[in-house]
Amino acid sequence: MTIQTFAALKDYFSANFEVLENLNHITDLKTFLVQQNPNAEAVLNLSRFAVNDTFVDLDFEIKPNDSISIIPPSSGG
Amino acid sequence: MTIQTFAALKDYFSANFEVLENLNHITDLKTFLVQQNPNAEAVLNLSRFAVNDTFVDLDFEIKPNDSISIIPPSSGG
Amino acid sequence: MTALALYPQAAEVNIEPLNALPLNLVALLSLAHHPKAGAVVLFSGEVRDNSLGKAVDYLEYEAYPAMAIKMIHAIVAEAITRWQLTYAIAQHRTGIVKSGESAVVVITTSPHRTEAYAANRYIIDRIKHEVPIWKCEYFTDGTKEWGGNCNCQKLTGDVNKHIYEFDQQNKL
Amino acid sequence: MTALALYPQAAEVNIEPLNALPLNLVALLSLAHHPKAGAVVLFSGEVRDNSLGKAVDYLEYEAYPAMAIKMIHAIVAEAITRWQLTYAIAQHRTGIVKSGESAVVVITTSPHRTEAYAANRYIIDRIKHEVPIWKCEYFTDGTKEWGGNCNCQKLTGDVNKHIYEFDQQNKL
């Protein structure tokens, strides 16, 4: 699966990267990313996940070719 | 006392006229004007009175040299 | 002289409350930028091409300037104090105003948006209910009619007591 | 062909939701006139020269266009339907925005003013809470900080559940 990160998340992860591990749900991806970079836990807890540009919950099932965007809290305006 | 009228009131009275009768309160002026033109009663009942450019109640005491404005309901905007 | 001295105190900008010429929304809006204002709200009341189902040709606004000017200044000043605005102005047309033209403009600015919206609504509601300005609607069929926006007296029983949409909003 | 056919259906005017260049409030406002619209409300969110007491040099806005554009279109369309607006647009800056410049503009118009104000507030609140746009504040002391306007998760316990100022207003 491919991952996109934005804004404050880019202080912890690349803007775009690939995850090859076998992860079943969004919550597993989140756990995996916290393991990769424990400092990112706080901002990951505040972030929304989108799969193929649609927001999903943590129990959403991921398919290997999904494109996942991790969206920190909005601060437009 | 001098009287100014505006908007719909000008269909019933001059824009500016003088009242020489001895009237003590605004309510007396209102009664006097209804006597002068009974058709104006409805719009006079909806109008505010101002003495020397300040809104007053019906029991306000009028002095002979007062300048009185009769203000139909606002319809600005 | 600090950097801040370069900026005017926008709340004090003096705008004529009545204007016999077309309202220049663009010029008025351009005055509203202020380094302390994060929120700018502009309201423009415009003439519609119909009123209660009849086709409107144009409106004509009459005002009693001696009272209207003072009252608009006072309403704007009160809003500036109450919501701590960085800037506020209101200007109303007099004379003939055609469909699609602006009859009244209100601009409010504040550091955050809640105050700018609330103050803007407060100013226009009070102007519409209280300020001695009247519109006469001229219809395309040749008839005319004095508008009577403020019907509060029917509900309050007192021509000097108004019911403001602004307060109604807050009560919901 | 009736007289009405001379006017565009303003609600359908297509405005790009994201703009990398300075927002042209004047041009956008000039599109908002409509013969059925008695009320025009414009909101401009502008960059202040300070944030939490620190002097701001400029902001930089990042967006995720693939989602942001679709979401802003959907929010505006929903507001048009809900409040039966004659016209509504929203446009947000990306890139560097300096103090006093507009970062976001929302314009709503409707026959009467209650709907234009309500819809305007609704659109800006949803944009600020939901749409993937982020600001980074660059301070005059050389430091920078990602803004975090939306703290709803602290109250709702769910990053996908927001508390809108718009609804709070209605509950007062």
Side-chain angles (χ1 to χ4, degrees), chain C residues 3-4 6-7 10 24-30 32-51 55-56 59 86 98-114 116-118 120-121 124-125 128 140 165-172, chain D residues 3-4 6-7 10 24-30 32-51 55-56 59 86 98-114 116-118 120-121 124-125 128 140 165-172:
Chain C
L4 277 177
L6 297 169
Y7 297 108
N24 192 337
L25 269 56
V26 169
L28 295 171
L29 186 58
S30 74
H33 301 285
H34 188 283
K36 305 288 176 221
V40 174
V41 175
L42 173 146
F43 171 81
S44 169
E46 309 201 342
V47 175
R48 289 180 297 146
D49 66 1
N50 69 93
S51 177
V56 169
L59 301 191
T86 39
K98 292 186 180 155
S99 169
E101 288 186 356
S102 181
V104 57
V105 60
V106 177
I107 303 176
T108 48
T109 85
S110 55
H112 300 284
R113 68 190 182 283
T114 295
Y117 278 109
N120 200 284
R121 184 71 200 253
I124 190 61
D125 284 358
K128 291 207 181 205
T140 53
E165 293 85 347
F166 171 77
D167 290 324
Q168 293 299 303
Q169 289 288 104
N170 285 353
K171 270 188 213 145
L172 282 180
Chain D
L4 277 176
L6 296 169
Y7 298 106
N24 192 337
L25 269 55
V26 169
L28 295 172
L29 186 59
S30 74
H33 302 286
H34 189 283
K36 304 288 174 221
V40 175
V41 175
L42 173 146
F43 171 81
S44 168
E46 309 202 341
V47 175
R48 290 179 297 146
D49 66 1
N50 69 94
S51 177
V56 169
L59 302 192
T86 39
K98 291 186 180 156
S99 170
E101 288 185 355
S102 181
V104 59
V105 61
V106 177
I107 303 176
T108 48
T109 85
S110 55
H112 301 284
R113 66 191 184 284
T114 296
Y117 278 109
N120 200 285
R121 185 72 201 253
I124 190 62
D125 284 358
K128 291 209 181 203
T140 53
E165 293 85 348
F166 171 78
D167 291 323
Q168 294 298 302
Q169 290 287 106
N170 284 352
K171 268 186 213 146
L172 283 178

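A note on names: the letters A, B, ... follow the listed sequences, proteins ahead of strands, and every chain is numbered from 1. The basis for the numbers below is simple: all heavy atoms, side chains too, and nothing from hydrogens, waters or symmetry mates.
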K.L.:
Distance check, rounded to the nearest 0.5 Å: C:His33 atom NE2 versus C:Thr109 atom OG1?
P.N.:
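With rounding to 0.5 Å, NE2 (C:His33) is 10.0 Å from OG1 (C:Thr109).
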K.L.:
Side chains of C:Phe43 and C:Val104, heavy atoms from C-beta outward: is any pair under 4.5 Å?
P.N.:
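They are in contact (side-chain heavy atoms under 4.5 Å apart), so the answer is yes.
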K.L.:
Are a donor atom and an acceptor atom from the side chains of D:Ser99 and D:Asp49 found within less than 3.5 Å of each other?
P.N.:
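There is no such pair between these side chains.
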K.L.:
Under the side-chain hydrogen bond (donor to acceptor under 3.5 Å, both in side chains) rule, collect the residues that match up with C:Ser51, sequence neighbours excluded.
P.N.:
C:Glu137
K.L.:
Using a cut-off of under 4.5 Å on heavy-atom pairs, state which of C:Leu25, C:Asn50, C:Ile124, C:Val47 scores highest against chain D.
P.N.:
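Of the candidates given, the most pairs with chain D belong to C:Ile124.
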K.L.:
Side chain from CB out, backbone as N, CA, C, O: work out which of these in D:Ala39 comes under 4.5 Å of a heavy atom of chain C, or both, or neither.
P.N.:
both
K.L.:
With a 4.5 Å cut-off on heavy-atom pairs, point out which of C:Ala37, C:Gly45, C:Ser30 contacts chain D the most.
P.N.:
C:Ala37
K.L.:
Using non-hydrogen atoms only, which part of D:Lys128 is less than 4.5 Å away from chain C: side chain, backbone, both, or neither?
P.N.:
side chain
